Amino acid sequence: MFALIDGNSFYCSCKRAFDPKLRNKPVVVLSNNDGCAIARTHEAKDLGIKMGEPYHLARGRPGLEHVIWKSSNYALYGDMSRRMYEVLTTMAPHVEPYSIDEMFLDFRGLNDAPRRAADMLAAVLKIAKIPTCVGIGPTKTIAKLANAVAKKDRAGSGISDLRDPDQRACAYRELAVGSVWGIGPASAQKLNKIGIQTIADFVALPDDEVRKMLSVVGLRTCWELRGISCMPLALAPSTRKSLAVTRSFGKSIDTWPEMERAFSAYAMRATEKLRRHGLVAAAMQVFLQTNRFSKSDRQYVNQTSFAIEPSSDSFTLIGNVTRAARHIWRDGYRYAKAGIILLDLSAAHELPPNFFPSRDPQKSAALMRAMDALNQRYGRNTLRPGTVAAHPRWGMRRANLSPSYTTRADQLLQVRA
DNA sequence: TCTGGGGTCCTAGGACCC
DNA sequence: TCTGGGGTCCTAGGACCC
């Protein structure tokens, strides 16, 4: 048995925790560069402000004069999330953080689950100052669904229990299949097309049909909805597989020196993140793109992915990043977004000591010369211009983790030795 | 003028090998 | 009418989540 506890309008609630004047008012928290709405209190939702809505379009709309727009502060949210976690670990045997504002709880063997949930909800509100909702169910997917049910009932206790099969069946007849965790817009549309509208319709489908339409992922979701648990509680956090630093520019960039500065900054941020997590990267993806929303701008997107020496040395990384970016840079475009993604991560302690970062500029320069030589020698294999690039509509996609990156990294090391 | 920034997993099909 | 068959690796693409 699982419970899912989830902060209500989490980022907004974090702001409210420190600013009581924001209570009972429509508050919206904006993304980076104040680009679009990423969290809304229910007062703001009632005014018709949508998730992801661009700020510059919503701002002037009639009826929104009293909305309080706030820039985001991710350090604060991370801190509030930790507080929430700490409160919960004192009250449940296992807590699995799922996202910044959601945690799965182990509720096995509890005979007073709703009361325990109420205690936790109260404790999180009192100590961490975050209002939450709790969903309870025999599987993670059902707990998640119950949480959504609790959220919808604003006058309710904030707790919803879907353990009882009859109650569940009743709820399934009311709820759209697209409201299930794991059934996104594309899957929902596919299902609608063959007449599946509600969750009740979905769980009645034969396995092979589900599998054919939605792959094993959809089948797992279907089983979970039938009450068969397929997703255990993760007792230890899994190791991270990639790490990204990407930004949209406040103002388009159309000269290489500006872009080079941007990429240098990204590379620095990336090394900070690596160090903080005690990781090194053996491969990297670098991308840039024009403003995909612009009707008048000529569009260009490109990416390159390649192996790097598994080192978190800032100089080396900056050298690699800017060199790769120069590869895909084309004059004559107005760039709106760029970024780097580090792949093939491993714990730093697993590597021999001489891989470790060095702040010695001479050593770094030597490494960069070595990289240059390798790029010349292995050209296509080591530093490959992206073959696909990106869908102009969706922007850049992340490269898959590929063993070949590691192979190329080995090549690099052999040549150095 | 201004449209986020992170993450994960699955699969079809081609290249290549024996 | 038939054109070998089975296996692995990798890429590109699709989909989902917060």
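Per chain, numbering begins at 1; letters A, B, ... match sequence-line order. All values reported here derive from a predicted model rather than from experimental measurement.
Checking A:T246 against A:V216, the closest nucleotide of DNA chain B that is more toward the 5' end is the one next to A:T246. Each of A:A336 and A:K273 has a nearest nucleotide on DNA chain B; the 5'-most of these lies closest to A:A336.
The CD atom of A:Q285 sits 12 Å away from the P atom of B:dG7 (whole-angstrom rounding). Summarising the geometry, the separation between CD1 on A:I341 and C1' on B:dG6 is reported as 9 Å, rounded to the nearest angstrom. A:K212 has its NZ atom 18 Å from the C1' atom of B:dC10, to the nearest Å. Rounded to a whole Å, the CD1 atom of A:I38 is 18 Å from the P atom of C:dC17. A straight line from NZ of A:K295 to P of B:dT3 spans 13 Å, rounded to a whole angstrom. Between A:D254 atom CG and B:dT1 atom C1' there is a gap of 15 Å when expressed in whole angstrom units. If you measure from atom NZ of A:K140 to atom C1' of C:dC16, you get 15 Å, rounded to the nearest angstrom. Counting to the nearest Å, the C1' atom of B:dC2 and the CG atom of A:N32 are 14 Å from each other.
Taking the six-membered ring wherever Trp is involved, the centroid distance between the rings of A:F104 and A:W181 falls below 6.0 Å.
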Give the dot-bracket string for DNA chain C, reading 5' to 3', where a pair is Watson-Crick or G-U wobble with both distances under 3.5 Å, ( ) marks pairs inside the strand, [ ] marks pairs crossing earlier ones, | marks a partner on another strand, and . marks unpaired. ....||||||||||||||
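If you check every strand for non-hydrogen atoms under 4.0 Å, A:N291 touches nothing. Residue contacts for A:V180: at a heavy-atom cut-off of 4.0 Å it reaches the sugar-phosphate backbone alone, with no base atom in range. Note on A:E53: nothing from the nucleic acid sits closer than 4.0 angstrom, heavy atoms only. Using a 4.0 Å heavy-atom distance criterion, A:R211 is classed as a sugar-phosphate-only contact. Residue A:I183 is in sugar-phosphate contact alone, with no base atom involved, counting any heavy-atom pair closer than 4.0 Å across all strands shown.
If you check B:dG5, B:dG6, C:dC18 against the side chain of A:K144, the one that comes closest is C:dC18. Comparing B:dG7, B:dC9, B:dT11 by their closest approach to the side chain of A:R240 singles out B:dG7. Candidate nucleotides B:dC10, B:dG6, B:dC9 were compared by shortest atom distance to the side chain of A:V217, and B:dC10 ranks first. Distances from the side chain of A:E102 to the nucleotides B:dC10, C:dC18, B:dG7 place C:dC18 closest. Between B:dG4, B:dG7, B:dC2, one nucleotide has an atom nearer to the side chain of A:S252 than all others, and that is B:dC2. The listed nucleotides are B:dT3, B:dG6, C:dC16; the one nearest the side chain of A:R247 is B:dG6. When each of C:dC18, B:dT8, B:dT3 is scored by its nearest atom to the side-chain atoms of A:F293, the top-ranked nucleotide is B:dT3. Minimum atom distance to the side chain of A:Y98 is reached by C:dC17, of the listed B:dC10, B:dG4, C:dC17. Of the candidates C:dC16, C:dC18, B:dG4, B:dG4 carries the atom nearest the A:S248 side chain, counting heavy atoms from C-beta on.
Annotation: the span from A:F249 atom CZ to A:N291 atom CG amounts to 11.5 Å, rounded to 0.5 Å. For the atom pair CG (A:N8) and OG1 (A:T132), the distance works out to 6.5 Å, reported to the nearest 0.5 Å.
Smallest separation of non-hydrogen atoms from A:R163 and A:A113: NH1-CB, 3.7 Å. Residues A:L64 and A:A58 come closest through the heavy atom pair CD1-O, 3.3 Å.
Annotation: cation-pi pair A:R269/A:Y266 absent, no NZ/CZ under 6.0 Å from the ring centroid and within 45° of its normal.
A 4.5 Å side-chain heavy-atom check between A:K337 and A:R292 finds every atom pair outside the cut-off.
The aromatic rings of A:Y335 and A:Y300 stand perpendicular to each other, their planes meeting at an angle above 60°, with 30° marking the opposite boundary.
Look at A:R61 and A:E53 and you find a salt bridge, because one of the NZ, NE, NH1 or NH2 atoms lies within 4.0 Å of a carboxylate O, short of that distance. A salt bridge between A:R154 and A:D46 is present, with a side-chain N of the basic residue lying under 4.0 Å from a carboxylate O of the acidic one.
Taken residue by residue, residues 56-73 of chain A places heavy atoms nearer than 4.0 Å to DNA chain B at A:H56, A:R59.
Applying the 4.0 Å criterion to OP1 and OP2 of C:dC16, one finds that A:S187 has a side-chain N or O inside that range. Remark: A:S99 is not in phosphate contact with C:dC17, judged by side-chain N or O atoms under 4.0 Å from OP1 or OP2.
Checking A:S99 against A:D101 by side-chain atom types alone, a donor-acceptor pair falls below 3.5 Å.
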